[in-house]
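Structure first, commentary second.
Atom set for the values below is all heavy atoms of this structure, side chains included, hydrogens, waters and symmetry mates excluded. The residues of the chain are indexed from 1 along the displayed sequence. Just so you know, these numbers come straight off a predicted model, no measurement behind them.
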Amino acid sequence: MIQNILKTIRGQARSVADLERALAQIDVPGLEADAEKLEGDRRLALLDGTDKDVELVERKIEVANREVERAYAAKAELERRINQARNSEAEQTKVARYEAAKSQADAVAKALTKEYPEIARKFVTLIKTLAEAQTAIEQANQSLPDGVPPLLDPEFAVRGKPGEPERTLKSEEVALWCYANASGIQALPQDQQLELNARFQGSDRGTVSSGSGGGYNSLVVRRRLVKRTYLPASQTERPDSIFTIAMPGLKVGDVPFWQALPHSDLRSVRGNLDKIASMRPAPAVNDSNIRIEYIDEIPSVEPAMAEAAE
């Protein structure tokens, strides 16, 4: 068996699992027990056997001891290789993860370089078109034809949420137990509704225990009511305008595609575009960032070093 394990050690690089299986097959205690048994056989041969018997047992002991030594050597080598293989597999995992992340990053950087300027230019075109539409709508709403409603801001029409009046979803007639002497409608909880229905079948009047200790009874009546499920009125909700979105240049120092505006009128949009058009990219080196310092004169070469150089 040890010879087969040694073939594993001598063979090509193996996986951690292969090496661990080989290590599990090494039975050092069993081999040592076999060698110890042969020592007992040798003692018996010394007493009862011939010289040939003793020599035969001694040869077996020699082989058994060599197997024990090989087992220890193979065990140490396998443990070393297992540790090495684990480190190698961990490194391969890190390399694979790194390469996958680098490939993903390179693809995204390429897409960002190509697509972001296109998206930004389309966004600026949309901004200008929206501002023109808003100006036209404002002018039209100032002098509407008879019988037509005002036009909505297209951004609000798409992205906003107009307020709504209260709306009934469902109405149904129900019979509920209520406190008889309460002002308005004060229905009892659902669990008590079921209890009162069982206690006062066929009657529209009953009593329930009141107070912390149930010391007195309150009169309750079964009332026919209309249960209305409804949505309360809601307020108009306006979204943050896309005019407030900034679209910076692709790189630091590049002219922005769009600067955020607090106002969405056409005049502000055109002024913003004119301002952006007049901008220039920041220089690679800004003069204001240049600094000057003074350092000691470079020392002369030592004579010994000069002679060595010659």
>> What verdict does the side chain to side chain contact (heavy atoms under 4.5 Å, CB included) test give for Arg167 and Leu169, after you've listed the backbone C-alpha separation in whole Å, the side-chain angles of each residue and the deciding distance to 0.1 Å?
In response: CA-CA 6 Å; Arg167 180 159 56 96; Leu169 300 178; 3.8 Å; yes
>> Please determine whether side chain to side chain contact (heavy atoms under 4.5 Å, CB included) holds for the pair Gln139 and Thr135, giving the CA-CA distance in whole Å, both sets of side-chain angles, and the decisive distance to 0.1 Å.
In response: CA-CA 6 Å; Gln139 293 172 352; Thr135 300; 3.8 Å; yes
> How far apart are the C-alpha atoms of Lys122 and Glu118, what are their side-chain angles, what is the distance that settles it, and do they pass the salt bridge (Lys or Arg N to Asp or Glu O under 4.0 Å) test?
Replying inline: CA-CA 6 Å; Lys122 289 181 179 178; Glu118 297 175 357; 5.7 Å; no
>> Run the salt bridge (Lys or Arg N to Asp or Glu O under 4.0 Å) test on Lys94 and Glu91 for me, step by step, so that the C-alpha distance in whole Å, both residues' side-chain angles and the decisive distance to 0.1 Å come before the verdict.
In response: CA-CA 5 Å; Lys94 289 190 288 185; Glu91 184 64 20; 3.4 Å; yes
>> As a quick check of understanding, evaluate side chain to side chain contact (heavy atoms under 4.5 Å, CB included) for Ile290 and Asp287, giving each step before the final call.
In response: CA-CA 5 Å; Ile290 296 176; Asp287 291 343; 3.9 Å; yes
> Can you check side chain to side chain contact (heavy atoms under 4.5 Å, CB included) on Asn197 and Trp177, steps first, answer last?
Replying inline: CA-CA 8 Å; Asn197 285 338; Trp177 290 97; 2.8 Å; yes
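Note that the CD atom of Glu132 and the CD1 atom of Ile137 stand 12.0 Å from one another [nearest 0.5 Å]. Between the CG atom in Leu46 and the CG atom in Asp51 there is a gap of 9.0 Å [rounded to 0.5 Å]. The distance from the CD atom of Gln186 to the SG atom of Cys178 is 8.5 Å, given to the nearest 0.5 Å. Distance check: Leu261 CG to Ile127 CD1 gives 8.0 Å after rounding to the nearest 0.5 Å. A distance of 5.5 Å separates OG1 of Thr113 from CG of Leu250, quoted to the nearest 0.5 Å. Taking CD from Gln25 and NZ from Lys75, the interatomic distance works out to 14.5 Å, rounded to the nearest 0.5 Å.
The closest side-chain heavy-atom distance from Leu23 to Leu19 is not below 4.5 Å. Using a 4.5 Å heavy-atom threshold, the side chains of Glu62 and Glu58 count as separate. Glu155 is listed as a side-chain neighbour of Ser241, based on a closest heavy-atom distance under 4.5 Å. At least one side-chain heavy atom of Val124 sits less than 4.5 Å from a side-chain heavy atom of Leu273. You'll find the side chain of Glu166 stays beyond 4.5 Å of the side chain of Leu231, heavy atoms only. Phe200 places a side-chain heavy atom less than 4.5 Å from the side chain of Thr207. The side-chain heavy atoms of Tyr179 and Leu219, taken from C-beta on, include no pair separated by under 4.5 Å. In this structure, the side chains of Glu20 and Arg86 come closer than 4.5 Å at one or more pairs of heavy atoms.
Placement of Leu112 and Trp258 within a single hydrophobic cluster is found when ILVMFWY residues are connected by side-chain heavy-atom separations under 4.5 Å, directly or transitively. Connection of Val68 to Leu78 is established within a shared hydrophobic cluster, with ILVMFWY side chains joined at heavy-atom distances below 4.5 Å, either directly or through further cluster members. Side-chain heavy atoms closer than 4.5 Å link hydrophobic residues (I, L, V, M, F, W, Y) into clusters, and following such links, possibly through other members, connects Phe123 to Leu130. Leu194 and Val220 fall into different hydrophobic clusters, where Ile, Leu, Val, Met, Phe, Trp and Tyr are joined by side-chain heavy atoms under 4.5 Å apart, directly or via other members. Clustering ILVMFWY residues whenever any of their side-chain heavy atoms sit less than 4.5 angstrom apart, transitively, puts Leu126 in the very cluster that holds Phe243.
Between Arg270 and Asp274, no side-chain nitrogen of the basic residue sits less than 4.0 Å from a carboxylate oxygen of the acidic one, so the salt-bridge criterion is not met. Taking the charged nitrogens against the carboxylate oxygens, Asp254 and Lys251 have no contact shorter than 4.0 Å, which rules out a salt bridge. Ion pairing of Arg224 with Asp204 is present here, as a side-chain N (NZ or NE/NH1/NH2) and a carboxylate O approach within less than 4.0 Å. Remark: Glu67 engages Arg70 in a salt bridge, criterion side-chain N to carboxylate O under 4.0 Å. Between Arg80 and Glu77 there is a salt bridge, since a side-chain N of the basic residue sits under 4.0 Å from a carboxylate O of the acidic one.
Distance alone, capped at 3.5 Å, places no donor-acceptor pair between the Glu237 side chain and the Gly163 backbone. For the pair Arg159 (side chain) and Asp240 (backbone), a donor-acceptor distance under 3.5 Å is present. In this structure, Asn272 contributes its side chain and Gln259 its backbone to a donor-acceptor pair below 3.5 Å. Between the Thr125 side chain and the Arg121 main chain, a donor and an acceptor come within less than 3.5 Å of each other. Side-chain atoms of Gln193 do not come within 3.5 Å of backbone N or O of Leu176 as any donor-acceptor pair. The main-chain N or O of Gln84 is never found under 3.5 Å from a side-chain atom of Ser88 such that the two would form a donor-acceptor pair.
Donor-acceptor pairing under 3.5 Å is recorded for the side chains of Arg228 and Thr168. Side-chain polar atoms of Asp106 and Ser103 form no donor-acceptor pair below 3.5 angstrom. Using modelled atom types, one finds a donor on one side chain and an acceptor on the other under 3.5 Å when comparing Tyr72 with Glu32.
Surrounding CG of Asn289 are more than 12 heavy atoms belonging to other residues, nucleotides or ligands, all under 6.0 Å away.
A cation-pi geometry, defined here as NZ or CZ lying under 6.0 Å from the six-membered ring centre and within 45° of its normal, holds between Arg238 and Phe156.
Using bins of under 30°, 30° to 60° and over 60° for the plane-to-plane angle, the ring pair Tyr116/Phe257 lands in the perpendicular bin.
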